[in-house]
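For reference, the structure is listed below as structure tokens.
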There are 2 protein chains.
Amino acid sequence: MNSSRTADRPGLDLVDVGTPGCSPAELEGAMGVEQAAALAHTMKALADPARLRVLALVAGNEGREVCVCDLTDPLGLSQPTVSHHLKVLVDAGFLTREKRGVWAYFSLVPGALDAVAAALPGVGTPS
Amino acid sequence: MNSSRTADRPGLDLVDVGTPGCSPAELEGAMGVEQAAALAHTMKALADPARLRVLALVAGNEGREVCVCDLTDPLGLSQPTVSHHLKVLVDAGFLTREKRGVWAYFSLVPGALDAVAAALPGVGTPS
DNA sequence: CCGGGGTATCGACACTCGTCAATCCCCGAT
DNA sequence: ATCGGGGATTGACGAGTGTCGATACCCCGG
């Protein structure tokens, strides 16, 4: 817990003596804790170079479906690692996995990236 | 290094015999390694509940500038932790720090969030 | 029925990251 | 000049994560 905060902020010491100037809990726009955790969890799935490249590769070959063995070489990662990243992306709702026979084809969920982009705080709040 | 990949994928063995079916490096839209690393580094700054709430708080109080002591209470974090998160956000280019006297006021950089949202692979690429 | 090959899972390891207590710095006020 | 207080930095620790090798699964072809 934080202590102190006994000094007044200059130019704001007018309202009340009880409010010491830092407006302790008067801030608005506070994103809920669960909402922030959920969004952070979703963005953690994107905050990785390998996964971003996976998305770029899948997005760039939207017509042709992409399997795991297509990604190991361009990414320079081992097959278990690529499979792990794909699982993370599928679990986050960015990709869909369609297993036909032995091969697993991945395609990106339309609108998933846009939903994340729109959920960022302050995107539609200019000044 | 990955090995094998000797079998052909069904229905795609038509282009060339030299390409064994998984089209080793024929994928397009491959984001550069540095570019992916930079974007991932930027998104890592956003992939945290505390930092997302900081941005929401700053964005929700655009008119009133926000100092560190304003954030410790709503976030429930200690002052060093809040300062650390603010440093990360400033370093990532999402916030600007303006120190007037003893107090440090933070305001968000307009367009920074939108730039990240636009840099996501496949945002403007619907099918 | 058996073998091969693509894929997913497991265990382990190294590295990064979020958090706090303690401390230091720096500016304004007295 | 001295004091007080807001903010940044340091050091440390626990949790989370990316990576790989080894292995298990499972479907298809012969």
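Throughout, a chain's letter reflects where its sequence line sits, starting with A, and its residues are numbered from 1.
Of the two residues contacting DNA chain D, namely V68(B) and K44(A), the nearest-nucleotide position lying further toward the 5' end is that of V68(B).
Screening L113(B), V54(B), V88(B) against F94(B) for a side chain to side chain contact (heavy atoms under 4.5 Å, CB included) leaves a single residue, L113(B).
Residue W103(B) contributes atom CH2, which lies 10 Å from atom P of dG28(C) at whole-angstrom precision. Atom pair R53(B):CZ and dG18(C):P shows a separation of 16 Å (rounding to whole Å applied). In this structure, L77(B) places its CG atom 16 Å from C1' of dG7(D), rounding to the nearest Å. For the pair L75(A) CG and dG18(D) P, the interatomic distance rounds to 14 Å; values are reported in whole Å. Look at NE2 on H41(B): it is 12 Å from P on dT16(C), rounded to the nearest Å. As a whole-Å value, the separation of L71(A) CG from dA8(C) P is 11 Å. To the nearest angstrom, P of dG7(D) lies 13 Å from CD of E65(B).
Applying the side chain to side chain donor-acceptor pair (under 3.5 Å) rule to S107(B) yields the partners T96(B); only residues at least two apart in sequence or on another chain are considered.
Among the nucleotides dA8(C), dT19(D), dG7(D), the one closest to any side-chain atom of Q79(B) is dG7(D). The nucleotide whose nearest atom lies closest to any side-chain atom of A104(A) is, among dT7(C), dT19(C), dT19(D), dT7(C). Comparing dA21(C), dT7(C), dT19(C) against the side chain of P80(B) picks out dA21(C) as the nearest.
Between the CG atom in L57(B) and the CG atom in L75(B) there is a gap of 6.0 Å [rounded to 0.5 Å]. One finds the CG atom of L52(A) at 6.5 Å from the CE atom of M43(B) (value rounded to the nearest 0.5 Å).
Closest approach of L77(A) and A50(A) over heavy atoms only: CD1-CB, 3.7 Å.
Listed for the D91(B) side chain is no donor-acceptor partner under 3.5 Å among the backbone atoms of K87(B). A donor-acceptor pair under 3.5 Å links the side-chain atoms of D48(B) to the main chain of R51(B), judged by distance alone. A distance-only check finds no donor-acceptor pair linking the side chain of K99(A) to the backbone of A104(A) [under 3.5 Å].
Contact check, S78(B) against dT19(C): no side-chain N or O comes under 4.0 Å of OP1 or OP2.
Scanning residues 95-102 of chain A for heavy-atom distances under 4.0 Å to DNA chain C yields R97(A), V102(A). DNA chain C lies under 4.0 Å from at least one heavy atom of each of the following residues of residues 82-92 of chain A: S83(A), K87(A).
At least one test fails for R97(A) against the ring of Y105(A): distance under 6.0 Å to the centre or angle within 45° of the axis.
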